[in-house]
**Student:** 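Would you mind keeping the following structure in view while I ask a few things?
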Amino acid sequence: MSVSFSARRLRGRGSARLAAGTLVTGLVATTVLAGAGTASADDPGTMPQQHGAAATIDGLKTYGAAVIHGPAGDTQVSAGLFEMSVEGGGMLQTYCVDIHTPTQQDAKYHETSWSGTSLGTNKDAGRILWILEHSYPQVNDLAELAEKADVQGQLTEQDAAAGTQVAIWRHSDGVDVEALDPQAEQLADYLGKKARDTAEPEASLTLDPPVVAGRPGERLGPVTVRTDARSVTVSPPADAATSGVRIVDAKGRPVTTAGNGSKLYVEVPQDAEAGTAQLTVQAATSVPVGRAFVSESRSQTQILAGSSESTVSATAVVGWAGTGAIPAVSARENCASGAVDVTVANEGDAAFAFELAGAEYTVEAGSSHTVTVPLNEDQPYDFTVEGPDGFQQRFTGMLDCRTRAAETGTTTQTLTGPSPTPLSAPVTDTNLAETGASSATPWITGTAIALVVLGGAGLVFTRRRQDASGDNG
């Protein structure tokens, strides 16, 4: 539960040096360019970033059976509650919101906003949150839940999990699905009828904005802490004694703890060379119910149903330079537009010109500009921001904004590995959702070109250097 700050010096004729980062909660990539001279051309040098919780899926733990009714006939699937292990400590319980997409074994997931998933364009997303808040495991008194839902007979944990998942699928995928167990089906019907629109929960921990830039000798920021944790602790940068870079409050006092709404600033010495630094905050808290989780591979999008106290973190990038343009570039997947929004802010004293997607743009000093790049669903993309003196910044990834049902109708997909089982055949439980779940190679092809695939919200940001001096920092 600490905040670390690692400064990086960028050397060589005052030329531009690029620090790239991968953000894992909707803000998918951020770059600070210190100065507006020659961009890097041969050094990937990324600065990994994260907002919220990151976890590995452990599999389907509490579940029953359900039936999907489709044009090709009835298909039996497993329906229930997944568990995830949080990096740094903690456990999560989740349901899936994409019935026809496989769940990859040991897939890595990260917390994100609804806007970077199919939930962002789903008018029933708020009703899914209501279902989560009013059913298992949030309501773990099964007798009480059965009484509210007028369930006839005993409601087991398996029934409660299956009924809750079925109710979610009806809103997330729009499929004709029902639970096999009568008690589970009664619960699903009750939840569907009672569900009401509910506002999206806030992130467990984030920094706003994720990128700031300015001049050395100034107090750069603020970066505002947004969290449901009681507090986060703040540590000075590891190289504070040599770099002179400090984390302070608005009055310049060193910060040791922070809370929701706290504003952090970065003090950079007047004589500092052009450079960047990464600010990382950590805390322990329960992740809010309803937060979305997307994977680094094409694996079912999950929505949070319950959380232990878990490790969460967030990062921001700070850049500075003495003269010229100081662009700060960030990108966010925008599922409502089927695109990636690339924003270039310029905190310098000279204009910054760049080219993106075949068009030219100029960002004047002290202003910003956002370019929306349309993309194809479920197709790898690769485009580059190009600026003066050889500056190049590459974006790669894959947009994952729609459920498979929305893309293809309700016909169940045939995928490598265990697939949904025809109703006449026995169910084979594999500890993973049988809605196409598999431990086999992911079914999406072509993603090998991406350095990192971050599910529905991921982008890879690659740093290149043109300077052949061998400078790594």
**Student:** Does any non-hydrogen side-chain atom of I128 lie less than 4.5 Å from one of Y95?
**Tutor:**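 Result no, sub-4.5 Å side-chain heavy-atom pair not found.
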**Student:** Is it true that a side-chain atom of N346 and a backbone atom of S367 form a donor plus acceptor pair closer than 3.5 Å?
**Tutor:**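 No, the answer is negative, given that no donor and acceptor are paired below the 3.5 Å cut-off.
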**Student:** So, N122 side chain and L119 main chain: donor-acceptor pair closer than 3.5 Å or not?
**Tutor:**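 No, because the side chain of N122 does not come within donor-acceptor range (under 3.5 Å) of the backbone of L119.
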**Student:** Can you name the closest pair of heavy atoms from A339 and T372 and give their distance?
**Tutor:**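 Heavy-atom minimum between the residues: CB-CG2, 3.4 Å.
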**Student:** For a quick test of reading the model, state the closest non-hydrogen atom pair linking W320 to V318 and the distance between them.
**Tutor:**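 Nearest pair, atom of W320 first, then V318: CZ3-O, 3.8 Å.
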**Student:** If you measure from CD1 on I99 to CD on Q300, what distance do you get to the nearest 0.5 Å?
**Tutor:**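 Interatomic distance, I99 CD1 to Q300 CD, rounded to 0.5 Å: 8.5 Å.
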**Student:** Among residues at least two apart in sequence or on other chains, which ones pass side-chain hydrogen bond (donor to acceptor under 3.5 Å, both in side chains) with T370?
**Tutor:**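 So T370 forms a side-chain hydrogen bond (donor to acceptor under 3.5 Å, both in side chains) with T343.
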**Student:** Once you measure the plane-to-plane angle for F354 and H369, does it fall in the parallel (<30°), tilted (30-60°) or perpendicular (>60°) bin?
**Tutor:**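 It falls in the tilted class, 30° to 60°.
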**Student:** Can you measure from CG (L92) to OG (S308) and round to the nearest 0.5 angstrom?
**Tutor:**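 So the gap between those two atoms works out to 6.5 Å.
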**Student:** I'd like to check the side-chain hydrogen bond (donor to acceptor under 3.5 Å, both in side chains) partners of E144; sequence neighbours left out, ordered by chain and number.
**Tutor:**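 In terms of side-chain hydrogen bond (donor to acceptor under 3.5 Å, both in side chains), with neighbours along the sequence ignored, E144 is linked to K148.
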**Student:** Keeping D181 on the side-chain end and D159 on the backbone end, is there a donor-acceptor pair under 3.5 Å?
**Tutor:**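 Not confirmed, D181 side chain does not pair with D159 backbone.
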**Student:** Going by the rule side chain to side chain contact (heavy atoms under 4.5 Å, CB included), which residues pair with D228 if we only count those two or more places apart in sequence or in a different chain?
**Tutor:**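 S204, T285, P288.
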**Student:** Atom OG in S172, atom CD in Q165: separation rounded to 0.5 Å?
**Tutor:**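 Those atoms lie 7.0 Å apart.
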**Student:** Any non-hydrogen side-chain atom of P137 less than 4.5 Å from a side-chain atom of L81?
**Tutor:**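 Yes, close enough: below the 4.5 Å cut-off.
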**Student:** Take a 6.0 Å sphere around CD of E218 and say whether it holds more than 12 heavy atoms from other residues, nucleotides or ligands.
**Tutor:**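 Atom CD in E218 is packed in, count exceeds 12.
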**Student:** With sequence neighbours left out, what residues match Q154 under side-chain hydrogen bond (donor to acceptor under 3.5 Å, both in side chains)?
**Tutor:**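 Here no residue qualifies.
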**Student:** Just checking, any donor-acceptor pair under 3.5 angstrom between side chains of Y190 and S135?
**Tutor:**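 S135 and Y190 do not have a side-chain donor-acceptor pair below 3.5 Å.
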**Student:** Work out which heavy atom in Q138 is nearest to a heavy atom in G306; give both atom names and the distance.
**Tutor:**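 That closest heavy-atom pairing would be NE2-CA, 3.8 Å.
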**Student:** Taking T315 as the fixed residue, which of T280, L279, V223 is the one that meets the side chain to side chain contact (heavy atoms under 4.5 Å, CB included) rule?
**Tutor:**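 Passing option: T280.
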**Student:** Report the C-alpha distance between S118 and D98 in whole Å, list the side-chain angles of each, state the deciding distance to 0.1 Å, and finish with yes or no for side-chain contact (heavy atoms from CB on, under 4.5 Å).
**Tutor:** CA-CA 9 Å; S118 61; D98 192 351; 5.7 Å; no
**Student:** I'd like to know whether T56 forms a side-chain contact (heavy atoms from CB on, under 4.5 Å) with M84, so could you lay out the CA-CA distance, the side-chain angles of the two residues, the decisive distance to 0.1 Å, and finally the verdict.
**Tutor:** CA-CA 5 Å; T56 300; M84 292 187 180; over 6 Å; no
**Student:** When you measure from the side chain of R246 to the backbone of G252, do you find a donor-acceptor pair of N or O atoms at a distance under 3.5 Å?
**Tutor:**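 Looks like yes, one N/O pair under 3.5 Å.
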**Student:** Which residue pairs pass the salt bridge (charged side-chain N to carboxylate O under 4.0 Å, His left out) test with at least one member in residues 193-212, sequence neighbours excluded?
**Tutor:**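 Listed once each, the pairs are E200-R291.
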**Student:** Quick check against the 3.5 Å criterion: does R219 have a side-chain atom that pairs as donor or acceptor with the backbone of A250?
**Tutor:**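 Yes, because the side chain of R219 sits within donor-acceptor range (under 3.5 Å) of the backbone of A250.
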**Student:** V281 versus V312: any side-chain heavy-atom pair under 4.5 Å?
**Tutor:**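 Side chain of V281 against side chain of V312, heavy atoms only: no contact under 4.5 Å found.
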**Student:** Enter the distance from Q93:CD to D58:CG here, rounded to the nearest 0.5 Å.
**Tutor:**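 It comes to 11.0 Å.
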**Student:** Does the pair V77 and W169 meet the rule for a side-chain contact (heavy atoms from CB on, under 4.5 Å), with working shown?
**Tutor:** CA-CA 12 Å; V77 297; W169 278 335; 4.1 Å; yes
**Student:** Evaluate the side-chain proximity of E157 to L142: yes if any heavy-atom separation is below 4.5 Å, no if none is.
**Tutor:**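 Sidechains of E157 and L142: in contact.
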**Student:** Using modelled atom types only, decide if a donor and an acceptor are shared between the side chain of E377 and the backbone of C401 within a distance under 3.5 Å.
**Tutor:**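 Yes: the side chain of E377 pairs with the backbone of C401.
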**Student:** Is any side-chain heavy atom of I303 closer than 4.5 Å to a side-chain heavy atom of F293?
**Tutor:**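 In short, these two side chains do not touch, never coming nearer than 4.5 Å.
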**Student:** Is any side-chain heavy atom of I168 closer than 4.5 Å to a side-chain heavy atom of V97?
**Tutor:**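 Yes, close enough: below the 4.5 Å cut-off.
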**Student:** Measure the shortest side-chain to side-chain distance between V329 and V342 over non-hydrogen atoms and say whether it is less than 4.5 angstrom.
**Tutor:**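 Result yes, sub-4.5 Å side-chain heavy-atom pair found.
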**Student:** Mind checking the OG1-CH2 spacing from T301 to W114? Nearest 0.5 Å is all I need.
**Tutor:**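 Nearest 0.5 Å value for the OG1-CH2 distance: 13.5 Å.
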**Student:** What closest approach, in Å, do I326 and G319 show between heavy atoms, and which atom pair accounts for it?
**Tutor:**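 For I326 and G319, the tightest heavy-atom pair comes out as CG2-O, 4.5 Å.
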**Student:** Quick one: list whatever passes side-chain hydrogen bond (donor to acceptor under 3.5 Å, both in side chains) with E185, sequence neighbours left out.
**Tutor:**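 Partners of E185 by the side-chain hydrogen bond (donor to acceptor under 3.5 Å, both in side chains) criterion, ordered by chain and then number, come out as R170.
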**Student:** Compare all side-chain heavy atoms of R127 with those of T198 and state whether any distance is below 4.5 angstrom.
**Tutor:**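 R127 vs T198: side chains apart.
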**Student:** If you compare all heavy atoms of G290 against all heavy atoms of P201, which two are closest, and at what distance to 0.1 Å?
**Tutor:**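 So the two residues come closest at C-CG, 3.7 Å.
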**Student:** Of the non-hydrogen atoms in V287 and A53, which two are nearest, and what is the gap between them?
**Tutor:**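 Shortest heavy-atom contact: CG2-CB, 4.0 Å.
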**Student:** Is S337 reaching over with its side chain to a backbone N or O of N334, donor-acceptor style, under 3.5 angstrom?
**Tutor:**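 Flag not set: sc S337 to bb N334 has no pair under 3.5 Å.
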**Student:** I'd like to know if the side chain of E347 and the backbone of A365 have a donor-acceptor N/O pair within less than 3.5 Å.
**Tutor:**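 Between the backbone of A365 and the side chain of E347 there is no qualifying donor-acceptor contact (under 3.5 Å).
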**Student:** Given side-chain contact (heavy atoms from CB on, under 4.5 Å), test L356 with V373 step by step and report yes or no.
**Tutor:** CA-CA 9 Å; L356 174 60; V373 182; 3.9 Å; yes
**Student:** For a quick check under 3.5 Å, do Q104 and D106 share a side-chain donor-acceptor pair by atom type?
**Tutor:**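 No pair is found: no donor N or O on one side chain lies under 3.5 Å from an acceptor on the other.
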**Student:** Once rounded to the nearest 0.5 Å, what's the spacing between atom CG of L207 and atom OG1 of T224?
**Tutor:**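 With rounding to 0.5 Å, CG (L207) is 8.5 Å from OG1 (T224).
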